[in-house]
Structure formats: C-alpha cells, structure tokens
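All figures in this text were calculated on a predicted structure; none of them were measured in a lab. Each ligand, and each atom within it, is numbered from 1 in the order the structure gives.
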Amino acid sequence: MPTINVLLPGDASADRSYEIRIGSGVVGEIGAAIARRSGSRAVVISDAAVSAHAAAVTASLTGAGIDTTAVAVPSGEASKSLAVAGRLWAALAAQAVDRQTHVIAVGGGVVGDLAGFIAATFARGLPVWQVPTTLVAQVDSAIGGKTGINLEAGKNLVGCFWQPCGVFADIGTLATLPDREFTSGLAEVVKYGMILDAEFFAWLEGHAAALVARDPQALVYAVERSAALKAHVVSADEREQTGLRAVLNYGHTFAHAFETAAGYGTLLHGEAVSIGMVCAARLAEQLGRIGSDIVARQDALLAACQLPRSIPSLTASTDDLLAIMARDKKSIGGRLRFILPDRIGHVELVADIDPGLVATVITQQVAGPG
Ligand SMILES: NC(=O)c1ccc[n+]([C@@H]2O[C@H](COP(=O)([O-])OP(=O)(O)OC[C@H]3O[C@@H](n4cnc5c(N)ncnc54)[C@H](O)[C@@H]3O)[C@@H](O)[C@H]2O)c1
Ligand SMILES: [Zn+2]
C-alpha cells in the first residue's frame with residue numbers, strides 16, 4: 001500500500017514528520033499505529049454522514065486495546081463554528097480528556113479542520129490523526145496541518161497550524177460519497193497536475209474516465225500522486241512563509257469570488273475551482289504566458305472529469321467580483337495577483353494584473369460553453 005512521508009523539521013521534543021497511508025482498508029491499521037505511540041485513550045470525532053466509517057475506526061482502536069469514545073457533529077460547513085467547537089470542548093472536559101488522549105478526525109474537510117482545531121486547542125494540544133473520507137480531504141485538507149473554524153465575518157478566520165501524527169486515506173470510504181462531492185474533489189487533483197507535475201497531468205488525461213468511474217486502482221494512484229505533491233509543498237513551506245505554498249491557490253482567487261458571489265453552498269468548492277482554473281488559464285493566455293493549446297488541454301481534462309467550466313449565472317457584477325478579489329489574501333494593497341501557468345506543471349505568482357483583463361475573462365466564462 002502506498003505510503004507518503006510528510007517531512008517536517010523536528011522540535012526539541014520530537015520528530016514531527018508523519019506518514020500518509022493510502023489504499024483500501026487502511027483504516028484498519030489505525031489502532032496499531034496509535035498503540036505504537038503508547039496511546040491508550042482516543043476520541044473519534046466524525047459527522048453524521050460517515051457513521052459507518054467512524055465505526056470501522058472505533059473497531060480498529062478498541063481492537064488494539066485503546067479506550068475509545070465517539071462524538072458526532074452535524075454534517076456540513078455550519079459545523080465549523082465556535083458554537084460546535086464549544087460543545088466539543090465541553091464534551092472532552094466532561095470525559096476528563098488529558099494530553100495522552102488521541103483525537104481522530106473521521107470525515108471530510110469540515111470534520112478535519114474542526115477536529116484538528118479542537119485537538120490543537122484543548123488542554124494546550126492533543127495528538128490528532130486524520131482519516132479523510134472525501135476526495136477533497138484525501139488529496140488536500142487532511143495534509144498540511146491547517147485547522148480552523150469560520151466566523152460570520154469569513155471562512156477559516158480562527159485557527160492554527162497543528163500537524164497530524166498520521167493520515168489514513170482509505171479509498172474504500174469514497175464509495176459512499178455522493179457523485180457531486182466526488183467530482184468536485186477531482187478539480188483539486190487536476191490542479192496538482194497543472195501546478196507541479198506535467199507527467200501526472202498527462203496520466204490524468206489518460207485515466208479521467210477510470211477516475212470518474214471510481215476505479216480503485218486509478219483512485220489510489222491519483223490520491224497518492226496528489227498527496228505526495230501536497231506533502232512536498234507543505235514540507236518546503238509549512239507555514240506559508242516562503243511563497244511556495246501559494247501555488248496551491250491556482251484558480252482559487254477566482255473560485256473564492258465565485259463562491260462568495262453565488263452564496264456559499266450554491267457552487268461546491270471544487271466546482272468553483274474548476275471554473276477558476278479555466279479563468280486563470282485564459283488570463284495567462286491573454287497575457288501571452290501560455291498558448292491556446294494548453295488552455296484547450298486543461299478544458300478537455302476538466303470536461304472529461306465532468307467538472308463545470310462556466311458559471312451558469314452571476315448574481316454579482318464583474319465589478320463586485322473584482323472587489324472581492326482585491327480583498328483576497330493573495331492580493332496586496334488591493335492590487336490583483338494571480339497564480340498563473342507558464343506551462344503544464346508550472347505556475348508563477350503574477351502581480352499587478354489589469355482588472356479590465358480579469359473582467360473580460362470572467363465575462364467570457366459566464367457566457368461561454370460548458
Ligand atoms: N485544511 C486545509 O488545508 C483545507 C484545504 C481544503 C479545504 N479545507 C476545508 O475543507 C472543507 C471542505 O471539505 P469537504 O469538501 O471534504 O466537505 P465536507 O467535509 O463538508 O464533506 C462534504 C459532504 O460529504 C459528506 N461526506 C463526507 N465523507 C463522506 C463519505 N465517505 N460518504 C458519504 N458522505 C460523506 C459530509 O457529511 C458532507 O455533507 C471546507 O471547510 C474547507 O475550508 C481545508
Ligand atoms: Zn481548494
């Protein structure tokens with residue numbers, strides 16, 4: 001079964017590097033892994049939609065002699081809130097959880113971010129393990145240690161970096177994932193090919209149909225390659241300080257504006273990222289950074305993955321979208337900056353982009369095909 005190492009500099013007390021195990025049935029290994037770290041107690045945090053997967057994790061833990069309790073939160077983004085965090089802190093306190101208790105996050109990015117944040121903050125920090133059950137979580141959110149909750153004022157505004165002790169990406173858990181959630185995750189997979197790995201991009205072109213059909217072998221390779229690329233970026237720029245981690249935001253400045261303008265939940269994140277990558281590639285073409293051949297290859301791959309490439313309708317004006325983008329954390333002083341490709345497998349941060357050009361690219365994607 002593939003194993004990816006996330007290499008991180010150690011601190012005085014421990015080596016912080018960890019493994020990502022990928023494959024069908026890897027959840028069965030988690031009990032033994034925690035027992036090897038002398039864990040004797042565990043709390044499994046999951047959401048209501050993944051109770052069967054949480055039960056499999058609990059069985060592995062109890063089978064390894066670990067005293068395990070379970071807490072479930074409602075599924076959906078609304079659980080990444082201070083109110084739900086408060087309930088979880090209270091539940092841990094009621095169980096007299098101490099620093100030797102391991103937290104296991106079983107679910108998508110919502111549970112991973114929330115449970116990671118709870119682990120980071122309760123009793124000044126508990127060890128956390130990630131068991132991602134969505135494609136987005138397996139290729140992205142479970143790796144890299146970003147945790148957090150949302151405020152009324154915006155997404156992910158409160159949180160911290162808190163690296164897991166290990167990640168178990170069980171491809172078997174994806175079988176119960178609704179089609180739209182699954183497809184949405186493929187956008188992030190295509191993103192890794194575009195930003196870092198031309199060979200992987202070409203492999204995706206040859207295996208899009210197998211991925212859409214959730215062929216297990218194709219899925220294991222796609223998750224393995226994506227996880228390895230994310231792990232590489234995280235190892236090189238753990239806390240987003242050198243700028244390398246910013247390449248992961250390819251398509252995302254557009255995507256966040258579409259998500260905000262459409263109202264959260266109308267477009268799934270991956271769907272917005274797909275349209276955002278289409279816009280970013282066209283912007284790069286307009287700037288003379290890539291040719292139409294690359295734009296066409298990306299379009300074709302997104303289409304083969306059954307991802308949307310245009311916005312059905314826009315509730316906001318392009319001026320509103322530009323204003324949202326100017327507030328994006330990638331923009332400095334309101335000047336637009338984008339991660340743009342200069343070839344397949346390579347991107348750069350490009351500053352001072354003409355807002356008029358950005359508006360044109362967006363307008364074309366509202367009216368465009370797809
Ligand atoms: N920490 C990071 O680096 C990072 C990166 C990307 C995204 N995120 C965060 O991740 C969240 C999005 O993650 P997501 O797309 O996984 O959403 P999610 O966690 O809301 O999961 C999507 C839906 O699928 C359900 N679900 C999960 N696994 C399932 C399964 N195996 N079978 C059936 N249903 C299942 C969930 O209950 C939910 O309704 C956002 O909050 C985003 O901010 C974080
Ligand atoms: Zn994303």
Side-chain angles (χ1 to χ4, degrees), residues 6 27 45-57 72-81 84 105-117 120 128 130-151 154-164 167 169-192 194-195 214 219 226-227 230-231 233-234 238-240 245-256 258-259 264-265 267-277 339:
V6 185
V27 290
I45 300 179
S46 67
D47 82 31
V50 296
S51 51
H53 306 311
V57 170
V73 301
S75 44
E77 190 68 32
S79 280
K80 264 175 68 174
S81 67
V84 174
V106 183
V110 163
V111 170
D113 282 10
L114 173 69
F117 179 65
V128 67
Q130 294 283 349
V131 181
T133 63
T134 64
L135 189 53
V136 166
Q138 295 192 348
V139 302
D140 189 0
S141 60
I143 310 159
K146 276 193 187 176
T147 75
I149 56 174
N150 304 324
L151 297 183
K155 265 181 63 104
N156 301 322
L157 280 182
V158 175
C160 54
F161 287 95
W162 191 247
Q163 297 291 347
V167 179
D170 195 323
I171 303 300
T173 64
L174 300 181
T176 55
L177 195 61
D179 281 338
R180 208 174 149 201
E181 295 289 348
F182 177 82
T183 306
S184 173
L186 289 176
E188 304 283 358
V189 173
V190 171
K191 180 190 80 178
Y192 288 115
M194 271 306 285
I195 64 175
R214 306 195 199 190
L219 263 179
S226 301
K230 171 113 193 217
V233 171
V234 166
E238 185 185 355
R239 289 175 175 251
E240 241 165 38
R245 204 163 163 158
V247 302
L248 299 171
N249 289 312
Y250 173 54
H252 279 60
T253 302
F254 284 105
H256 290 151
F258 298 147
E259 286 177 287
Y264 282 109
L267 273 177
L268 292 183
H269 174 68
E271 294 168 347
V273 169
S274 175
I275 306 164
M277 292 192 293
I339 303 288

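Remark: the backbone N or O of Val106 is not paired with any side-chain donor or acceptor of Ser46 at under 3.5 angstrom. One N or O on the side chain of Glu271 and one on the backbone of Leu268 form a donor-acceptor pair closer than 3.5 Å. In this structure a side-chain-to-backbone donor-acceptor pair under 3.5 Å is present from Arg214 to Leu174. Side-chain N or O atoms of Asn156 include none that pairs as donor or acceptor with a backbone N or O of Asn150 at under 3.5 Å. Counting only distance, with no hydrogens or angles, the side chain of Gln130 and the backbone of Ala142 share no donor-acceptor pair below 3.5 Å. Of the possible polar contacts, one joining the Lys230 side chain to the Ile143 backbone as a donor-acceptor pair under 3.5 Å is found. Side chain of Thr134 to backbone of Gly108: no donor-acceptor contact under 3.5 angstrom is found. Between the side chain of Glu188 and the main chain of Asp140, no donor-acceptor pair closer than 3.5 Å is present. The backbone N or O of Gly144 sits less than 3.5 Å from a side-chain atom of Gln163, completing a donor-acceptor pair.
Set against the non-hydrogen atoms of Glu181, the atoms of ligand 1 under 4.0 Å away are 22 (C), 23 (C). Listed by number with element, the atoms of ligand 1 under 4.0 Å from a non-hydrogen atom of Asp47 are 36 (C), 37 (O). Ligand 1 places these atoms under 4.0 Å from at least one heavy atom of Asn156: 43 (O). Listed by atom number, the atoms of ligand 1 under 4.0 Å from Ser75 heavy atoms are 37 (O), 39 (O). Per-residue contacts place Lys80 under 4.0 angstrom from the following atoms of ligand 1 (heavy atoms of the residue considered): 9 (C), 40 (C), 41 (O), 42 (C), 43 (O). In summary, the atoms of ligand 1 found under 4.0 Å from a heavy atom of His53, numbered by their order in the structure, are 31 (N). Atoms of ligand 1 found under 4.0 Å from any heavy atom of Lys230, numbered from 1 in the order shown, are 3 (O). The atoms of ligand 1 that sit less than 4.0 Å from any heavy atom of Lys155 are 40 (C), 41 (O), 42 (C), 43 (O).
Residue-to-ligand polar distances place Val110 within reach of ligand 1: an N/O pair is separated by less than 3.5 Å. Between Val111 and ligand 1, no pair of N/O atoms sits closer than 3.5 Å. Any N or O atom pair closer than 3.5 Å counts here, and Arg245 shares no such pair with ligand 1. By the 3.5 Å distance cut-off applied to N or O atoms, Glu77 is counted among the residues near ligand 1.
Contact annotation for Thr176 and ligand 1: heavy atoms of both the backbone and the side chain come within less than 4.0 Å of the ligand. Both the backbone and the side chain of Lys146 come within 4.0 Å of ligand 1, counting heavy atoms alone. With a 4.0 Å cut-off on non-hydrogen atoms, Thr133 touches ligand 1 through its backbone as well as its side chain. No part of His252 comes within 4.0 Å of ligand 1, judged by heavy-atom distances. Contacts between Ile143 and ligand 1 below 4.0 angstrom, taking non-hydrogen atoms only, are absent altogether. At a heavy-atom distance under 4.0 Å, only side-chain atoms of Asp113, from C-beta outward, approach ligand 1.
Considering only non-hydrogen atoms, atom 24 (O) of ligand 1 lies nearest to Leu177 out of Val50, Leu177, Val73. Here atom 15 (O) of ligand 1 lies nearest to Val136 when heavy atoms of Asn150, Val136, Ile149 are compared.
The protein atom (non-hydrogen) at minimum distance from atom 25 (C) of ligand 1 is Ala49 CB, 4.2 Å. Of all protein heavy atoms, the one lying nearest to atom 14 (P) of ligand 1 is Gly109 N, 3.5 Å. Thr134 CG2, 3.2 Å is the protein heavy atom nearest to atom 27 (C) of ligand 1. Of the protein's heavy atoms, Ser141 CB, 3.8 Å lies nearest to atom 7 (C) of ligand 1. Scanning all protein heavy atoms for the shortest distance to atom 6 (C) of ligand 1 gives Asp140 OD2, 3.4 Å.
To the nearest 0.5 angstrom, Lys80 atom NZ is 4.0 Å from Asp113 atom CG. Here CZ of Phe258 is found 10.5 Å from OG of Ser274. Values are rounded to the nearest 0.5 Å. Separation of atoms OG (Ser79) and CD1 (Ile149) is listed at 11.5 Å; rounding is to 0.5 Å. To the nearest 0.5 angstrom, Leu114 atom CG is 10.0 Å from Asp47 atom CG.
Salt bridge status for Glu77 with Lys155: present, with a side-chain N to carboxylate O gap under 4.0 Å. With respect to the salt-bridge test (charged N to carboxylate O, under 4.0 angstrom), the residues Glu238 and Arg245 do not qualify.
Between the Zn ion (ligand 2) and Glu188 there is an N/O/S contact shorter than 2.8 Å.
Rounded to the nearest 10 degrees, the angle NE2 (His252) to the Zn ion (ligand 2) to NE2 (His269) equals 100°.
Residue His269 places every heavy atom at 4.0 Å or more from ligand 1.
Side-chain contact of His256 with His269: a donor-acceptor pair under 3.5 Å is absent, judged by distance alone.
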